[in-house]
Amino acid sequence: MTRLDFLVRRLETADHRVTRARLAVLAALTEAGSHFTADDICHRLPRVGRATVFRTLKLLVDLGVVCRVLLEDGSLHYRLNLLAVGVHHHHLVCTDCGRIEDVAARDITLSVDELASKSGYEIDGHWLELYGRCQSCRTDERVGATG
Ligand SMILES: [Zn+2]
Ligand SMILES: [Zn+2]
Ligand SMILES: [Zn+2]
């Protein structure tokens with residue numbers, strides 16, 4: 001099954017109609033690379049309204065098949081969730097090359113639970129991205145330093 005088929009099936013099993021505009025958005029997502037902004041998708045689809053692009057992205061986020069990723073510069077990106085749908089995770093974001101990796105976050109989740117019980121809050125959600133330099137950028141740096 002292609003990624004596009006997978007996305008279409010997710011919408012259909014959640015009883016959402018796959019209109020022609022939505023299908024165009026889904027196709028654009030699968031071709032947009034590891035992560036992308038809503039504007040990237042709008043540029044790829046000049047004939048689809050911005051509102052449709054934003055609504056479709058929101059729907060996919062709600063369904064757990066697309067993640068939102070906040071880059072270090074404050075820009076909001078989207079990314080297909082390549083893990084099992086709805087699995088809670090965080091993102092490692094390389095600030096040099098822009099690579100994003102998904103990380104399961106059991107320990108962090110435990111801390112959140114602890115925080116909730118200590119503070120008396122009922123926590124509905126949290127957002128955590130981890131910024132740094134990926135292994136390959138760090139290797140490049142070391143090679144550069146010796147050369
Ligand atoms: Zn993700
Ligand atoms: Zn990197
Ligand atoms: Zn978490």
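Note that ligands are numbered from 1 as they come in the structure, with each ligand's atoms numbered from 1 the same way. Positions are given from 1, in the same order as the sequence printed here.
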R10 side-chain N/O to V65 backbone N/O, donor-acceptor pair under 3.5 Å: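 Checking the backbone N and O of V65 against the side chain of R10, no donor-acceptor pair under 3.5 Å is found.
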Any donor-acceptor N/O pair, D96 side chain to R133 backbone, under 3.5 Å: no
Between V69, I100, V93, which is the residue that forms a side-chain contact (heavy atoms from CB on, under 4.5 Å) with H35? I100
Salt bridge check: are R44 and D40 linked by an N-O gap of less than 4.0 Å?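 No, this pair does not count.
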Return the orientation label for the H88 and H126 ring planes: parallel under 30°, perpendicular over 60°, tilted otherwise.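 Ring orientation of H88 relative to H126: perpendicular.
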Tell me, do L60 and L29 make a side-chain contact under 4.5 Å, heavy atoms counted? yes
Give a rough value, rounded to 10 degrees, for the angle at the Zn ion (ligand 1) between atoms SG of C67 and NE2 of H91.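 That angle is 120°.
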State whether a side-chain donor-acceptor pair under 3.5 Å links D39 with T37. no
Residue [X] atom name (nearest to the Zn ion (ligand 3); N/O/S):
X: H88; result: NE2
X: H90; result: NE2
X: H126; result: NE2

For R79 and E101, which heavy atoms make the closest approach, and how far apart are they?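 So the minimum-distance heavy-atom pair works out to NH2-CA, 4.3 Å.
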At distances under 2.8 Å, what protein N, O or S atoms surround the Zn ion (ligand 2)? C94 SG, C97 SG, C134 SG, C137 SG
